Amino acid sequence: MSIYDTLNKEQREAVFHTDGPVLILAGAGSGKTRVLTHRIAYLIEKCQVNPWNIMAITFTNKAAGEMRERVDDLVGYGSESIWVATFHSTCVRILRRYADRIGFDNNFTIYDTDDQKTIMKEVCKKLQIDTKMLKERTILGAISSAKDELVSPVEYDLNSIGDFTKQKISKAYMEYQAVLRKNNAMDFDDLIVKTIELFKNCPDVLAQYQEKFQYIMVDEYQDTNTAQFELIRLLAGAYRNLCVVGDDDQSIYKFRGANIRNILDFEKVYADAFVVKLEQNYRSTSNVLDAANSVIRNNIGRKEKALWTDKEEGSRIHFRQFDYAYEEAEYIAFDVAKKKRELICDYKECAVLFRTNAQARILEEQFVKAGIPYDVVGGVNFYSRKEIKDLLAYLKTIDNGKDDVAVKRIINVPKRGIGATTIVRVQEYADSRNISFYDALREADQIMTIGKSASKLKPFVDMIKVFRSKLEFYGLEELLKDIIETTGYVAQLEADDDQEAKARIENIDELISKVVSYEEEHEEASLSEFLEEVALVADIDGINKDNNKVLLMTLHSSKGLEFPHVYLAGMEDGIFPSYMTVTAEDPAEVEEERRLAYVGITRAKEDLTLSCAKQRMIRGETQYNPVSRFVREIPEGLLDNKLPASKRWNVEEYEDTSYERVAFKQKPYAGASSLNDRKQNNAYQSITKPKAVLAKPATSAVVKPFIAKQNHFSDMAGISKGAPSMDGALSYGEGDRVKHIKFGEGTVRAIAKGPKDYQVTIEFDAYGQKIMLAAFAKLEKVE
DNA sequence: CGTACTAGTCTTTTT
DNA sequence: GACTAGTACG
């Protein structure tokens, strides 16, 4: 029996069709990663393709690593020579070799969003653009979109005739690119754009890569943008063995330039494309899948498909509405605790998904309170924390003296008594000589305008010089530690001795260990390569499967993952779909949100919980939001609870009125820490809703979380009447044989009546004795 | 030049 | 609410 026998008919077709353009339309959970890995294995094993000639583009580094691992398991050799990478890291690898062919140094730096903003600020100042009227981020957004569409500054300028704002942006775009070039830097979008530029300007380089990448596969194809497609088209130009995998229903990155036409029009660009549809879902129970299908069905303009499963029905979708957001978070935390305690699942099998990063905080609070281990994916990226950016700026300065942004960031960090005026003067000098900021520093004694401040600059330049000379025989770890030591960076933090400084020192320690493990993984670790890897990590790359922790993340981050137990929190119109899209005039905006809902629902393998709150605080504003339309799109029969009759909170009719948010601004509490704020906040709520005081969690909750809270929840839920029957007679008695969804069959040993529910002791055939609550265990009598 | 406070903005999602 | 940039003052 071969490894390919485990595939279904369509999957096999996709695997065996190796030559020419192939489009695989892969529904959620239809085994597309399996297909890709088996396809690679097949190419190597059966078609004698050299692994070196295979390229697979994935969306994240994490996905790339997993793919390599799985190919390794299948083939057992050669997987390390396959080029598996994200678009961005692919481009960096190419540009590191050939950037000099398009006027950059090969050790160019990569600018992140912060750096971009710094540059844009300077640009606006120089061009006298009023940033009150036209914000930096607006301009940067416009530039980014232009780059996604491969619109050069010159083309943008041509398109801006007659439009005042566009003309301003055009000037800024032009100047911004000039500054980047001068700094020997590229932003994220440039990595793609410049690689295309390289290929177009240097046919010999393109030909070389075309020859190398004879078989190309692209995952998550629905989220590629115009520039990325062009890159792929160029690379596949010679051999045309291009296989793309995607699902138009999971296209959720339009805001980042993803062009859904790439997947919808693939067959037009490649008329001879072989198309396969993977429609069997292997991931979810039929209830989960039905819910997902019934939501996505409301989108128009999608490729019709019929995702099906032969899996069992599974439990119904849980739906809970709460009065307050913290009650929702508390419920989720205790529900996870309960599942863990009852051995229904482990922490790492649970994930909580939400629309915006800001929603993580309230969940975190409740998870801490309940003593449940968790990880938050995303939020503030590790590498964009101040202390980390400072130290990286030292490394960047040592690596690339042309990176003015890095040099200016650290010239007075830690404090060296070098102020804004001095920096401006040095910059003026640099501009007049057309040299970099750092080179100007080296000539500090020549700069007449700075007077005696020049003496403060010399030690800085000398220090960088020493670091550079040490680089020859230093490892990265030694270099970083030397920087920390010489600059006294940590020493200063230690002197501060407060909570925040402690956290910063911890982060720095983590950076050191990241450097160490990087050196362990890469034999000849260079500074440039380390900085490059650091610039391109996604939040999701950092998560570790082996940690037994609940994962908290945005719906976007959850793409490509799956979990037995999934909670979708904040299912409210105005949150999800977001207020922006609900009020947008373009209905396509809500469709994108609906695809996001589809992605979220289809992450669940067995158990899905949708929850929402009537009242929630967003940006210091209390909002009252109705239940999400996406919940309403799920047939009621699939839900375990009824939805509130009124589709709007505090307004009678829903359909015939346009969306309207009820909100009021709260008074800020001066000088309160965040924890105190929250307490005061509850107190404030209790004035309007006295019930909230009763619902306030007891401190003892930490020790025995669920038992203490058990009855409390059914009261708290806004719709307790629809909750699973807790006081009805049981359909089984002592001695009966029963069946549990996870533990299989067993014999009931004892039934004890609790205040609102029965505690049932069951002797499972395969798992031994367990005590469960009847309402949640959902035991079925076996005749 | 450095600090401490204030006002304004933000958030929808990210390589 | 949280964060940041800008400003007034020492």
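The structure presented is a predicted model; accordingly, all values stated were derived computationally and were not measured.
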Atom pairs under 3.5 Å, N or O on each side, protein against nucleotides 3-7 of chain B: can you list them with distances?
none

* A:E136: partners by side-chain hydrogen bond (donor to acceptor under 3.5 Å, both in side chains), with sequence neighbours left out -> none
* Asked: In chain order, what residues pass the salt bridge (charged side-chain N to carboxylate O under 4.0 Å, His left out) check against A:D189, with sequence neighbours excluded?
  -> none
* To do: Specify the separation, in whole Å, of atom CD1 of A:I252 and atom P of B:dT14.
  => 9 Å
* To do: Taking only heavy atoms on the protein side, list every residue of residues 551-558 of chain A lying under 4.0 Å from any atom of DNA chain B, sorted numerically.
  => A:T554, A:H556, A:S557
* Asked: Below 4.0 angstrom from OP1 or OP2 of B:dT12, is there any side-chain N or O of A:R619?
  -> yes
* Structure fact -> Residue pairs passing the side chain to side chain donor-acceptor pair (under 3.5 Å) test with at least one member in residues 412-423 of chain A, sequence neighbours excluded, are A:Y394-A:R416
* By side-chain hydrogen bond (donor to acceptor under 3.5 Å, both in side chains) - contacts of A:Q359 (at least two apart) -> A:T356
* Just grab all the salt bridge (Lys or Arg N to Asp or Glu O under 4.0 Å) pairs involving residues 244-254 of chain A, residues at least two apart or on different chains. => A:D247-A:K305, A:D248-A:K305, A:D249-A:R302, A:D249-A:K305
* A:R97: side-chain contact (heavy atoms from CB on, under 4.5 Å) partners, not counting sequence neighbours -> A:Q208, A:Y209
* To do: State which residues pass ring-ring contact (aromatic ring centres under 6.0 Å, His included) with A:F630; sequence neighbours excluded, sorted by chain then number.
  => A:F576
* **Side-chain N or O of A:T421 closer than 4.0 Å to phosphate OP1/OP2 of B:dC1** => yes
Please write out the pairs of protein N or O atoms and N or O atoms of nucleotides 4-10 of chain C separated by less than 3.5 Å, giving the distance to one decimal.
{"from": "C:dA5", "atom 1": "OP1", "to": "A:K121", "atom 2": "NZ", "distance (Å)": "3.4"}

* Quickly, which of A:L555, A:L363, A:L568 forms a side chain to side chain contact (heavy atoms under 4.5 Å, CB included) with A:F354? Name it, please. => A:L363
* Asked: Where each residue is assigned the nucleotide of DNA chain B containing its nearest heavy atom, which of A:I418 and A:F87 is assigned the position nearer the 5′ end?
  -> A:I418
* Structure fact -> Residues at least two apart in sequence or cross-chain that pass side-chain hydrogen bond (donor to acceptor under 3.5 Å, both in side chains) with A:S578, listed by chain then number, are A:T581
* Does the side-chain ring of A:F255 lie flat on the base of B:dT13, meaning centres under 5.5 Å and planes less than 30 degrees apart? -> yes
* Structure fact -> Contacts of A:F255 meeting ring-ring contact (aromatic ring centres under 6.0 Å, His included) (sequence neighbours excluded), chain-then-number -> A:Y253, A:H556
